[in-house]
A.B. asks: 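Input: one structure, supplied below.
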Amino acid sequence: GNSVTQMEGPVTLSEEAFLTINCTYTATGYPSLFWYVQYPGEGLQLLLKATKADDKGSNKGFEATYRKETTSFHLEKGSVQVSDSAVYFCALSDRLGNQFYFGTGTSLTVIP
Amino acid sequence: GAGVSQTPSNKVTEKGKYVELRCDPISGHTALYWYRQSLGQGPEFLIYFQGTGAADDSGLPNDRFFAVRPEGSVSTLKIQRTERGDSAVYLCASSIGLGQPQHFGDGTRLSIL
């Protein structure tokens with residue numbers, strides 16, 4: 001079956017620190033991979049995506065590379081800001097796109 | 001343009017009552033999804049519509065849950081004989097097509113007393 005496992009939080013970083021949030025997946029076939037973000041008091045928003053192996057998704061300084069050999073899609077940012085404080089969800093969709101499978105979310109707090 | 005709209009934003013009701021949750025997707029989005037999110041968890045798939053038909057309802061937990069999308073736009077999630085365990089945030093999402101990124105509403109927070 002399909003599933004996503006992401007690193008547990010909460011994560012607390014100082015401003016300008018380097019961020020990594022690990023995500024690994026199990027899937028049949030060739031899924032598409034996504035990172036969604038939920039800012040305080042807001043709904044889920046797409047942050048970035050990758051649809052095939054070795055693709056790199058990027059947005060707002062965040063990056064994630066689709067690694068088929070390690071079944072991973074780790075989220076990284078070189079220098080976090082206070083405004084990046086949110087909950088981050090890794091997700092996959094199977095090739096049919098019928099279902100999205102979400103991880104449990106990782107809460108990030110960035111302190112000045 | 002308008003995003004996915006869900007109403008009500010909050011619903012509190014007593015155990016055993018019937019509830020309806022509404023989702024108005026982004027105009028032109030043919031795919032519509034319902035999820036349930038419990039505290040500290042990621043969204044859990046319930047049902048997916050392509051147009052008017054439920055293409056996959058394998059995530060509905062039991063026969064107390066039902067969803068419709070009669071005209072291929074607005075969808076209603078219906079829960080009969082509610083139980084305290086049904087308390088969660090119910091999320092709706094729409095997308096322009098299969099496998100495309102989903103756009104989420106702000107959810108309906110359902111509390112069963």
Side-chain angles (χ1 to χ4, degrees), chain A residues 1-10 21 23-25 27-52 55 57-59 64 66 73 75 86-107, chain B residues 1-10 21 23-26 29-51 53-61 67 88-109:
Chain A
N2 297 322
S3 67
V4 172
T5 302
Q6 63 181 103
M7 88 187 245
E8 294 186 12
I21 300 178
C23 172
T24 57
Y25 68 89
T28 52
Y30 303 95
S32 293
L33 300 174
F34 306 83
W35 277 99
Y36 279 81
V37 59
Q38 188 167 30
Y39 297 104
E42 299 184 17
L44 280 163
Q45 302 173 25
L46 177 68
L47 180 60
L48 54 84
K49 67 173 183 175
T51 57
K52 60 182 188 297
D55 267 5
S58 61
N59 186 26
Y66 188 145
F73 193 55
L75 182 68
V87 181
Y88 293 82
F89 293 91
C90 185
L92 72 83
S93 88
D94 59 25
R95 271 303 175 204
L96 295 177
N98 289 351
Q99 294 194 22
F100 272 54
Y101 300 83
F102 285 83
T104 54
T106 301
S107 174
Chain B
V4 176
S5 175
Q6 291 188 245
T7 55
S9 54
N10 282 283
L21 312 179
C23 173
D24 201 338
I26 293 173
H29 281 194
T30 58
L32 185 148
Y33 304 76
W34 283 99
Y35 293 87
R36 179 168 66 177
Q37 186 175 17
S38 300
L39 192 64
Q41 300 296 315
E44 174 191 16
F45 171 80
L46 296 177
I47 186 170
Y48 150 69
F49 288 88
Q50 180 63 31
D56 184 345
D57 64 358
S58 62
L60 294 177
V89 175
Y90 288 82
L91 297 170
C92 177
S94 69
S95 72
I96 202 161
L98 292 177
Q100 296 302 308
Q102 299 183 6
H103 300 263
F104 283 81
D106 288 342
T108 294
R109 183 175 299 278

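Quick caveat: nothing in here was measured; it's all calculated off a predicted structure. Every chain is numbered from 1, with letters handed out A, B, ... down the list of sequences.
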A.B. asks: Using non-hydrogen atoms and a 4.5 Å limit, figure out which bit of B/S95 sits close to chain A: side chain, backbone, both or neither.
C.D. replies: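 Nothing of B/S95, per the 4.5 Å heavy-atom cut-off to chain A.
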
A.B. asks: Can you tell me how far CZ of B/F104 sits from CZ of A/F100, rounded to the nearest 0.5 angstrom?
C.D. replies: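 One finds 7.5 Å between CZ of A/F100 and CZ of B/F104.
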
A.B. asks: For atom OH of A/Y39, is the number of surrounding heavy atoms from other residues, nucleotides or ligands below 6.0 Å larger than 12?
C.D. replies: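 It does: A/Y39 OH has more than 12 such atoms within range.
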
A.B. asks: Checking heavy atoms, do the side chain of A/L46, its backbone, both or neither come under 4.5 Å from chain B?
C.D. replies: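 Side chain only.
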
A.B. asks: With a 4.5 angstrom heavy-atom cut-off, which part of A/Y36 approaches chain B: side chain, backbone, both or neither?
C.D. replies: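 Contact with chain B: side chain only.
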
A.B. asks: For the rings on B/Y35 and A/F102, is their centre-to-centre separation under 6.0 Å?
C.D. replies: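 They qualify: ring centres under 6.0 Å apart.
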
A.B. asks: Inspect the surroundings of CD in A/E8 and state if more than 12 heavy atoms from other residues, nucleotides or ligands are less than 6.0 Å away.
C.D. replies: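 Counting neighbours around CD of A/E8, 12 or fewer heavy atoms of other residues, nucleotides or ligands fall under 6.0 Å, so no.
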
A.B. asks: Given that the side chain runs from C-beta out, which part of A/Q6 has a heavy atom under 4.5 Å from chain B: side chain, backbone, both or neither?
C.D. replies: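 Neither part, no heavy atoms under 4.5 Å.
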
A.B. asks: Please report the interatomic distance OG(A/S32) to CD(B/Q100), rounded to the nearest 0.5 Å.
C.D. replies: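 One finds 8.0 Å between OG of A/S32 and CD of B/Q100.
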
A.B. asks: Can you name the closest pair of heavy atoms from B/D106 and A/G43 and give their distance?
C.D. replies: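 Shortest heavy-atom contact: OD1-N, 3.3 Å.
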
A.B. asks: Measure B/L91 against the heavy atoms of chain A and call it side chain, backbone, both or neither at under 4.5 Å.
C.D. replies: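 Interface part for B/L91: side chain.
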
A.B. asks: Side chain, backbone, both or neither: which part of B/Q50 has a non-hydrogen atom closer than 4.5 Å to chain A?
C.D. replies: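 It is neither, since no heavy atom gets under 4.5 Å.
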
A.B. asks: What option among B/E44, B/Q6, B/Q41, B/Q37 has the most heavy-atom pairs under 4.5 Å with chain A?
C.D. replies: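 Most heavy-atom pairs within the cutoff with chain A belong to B/Q41.
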
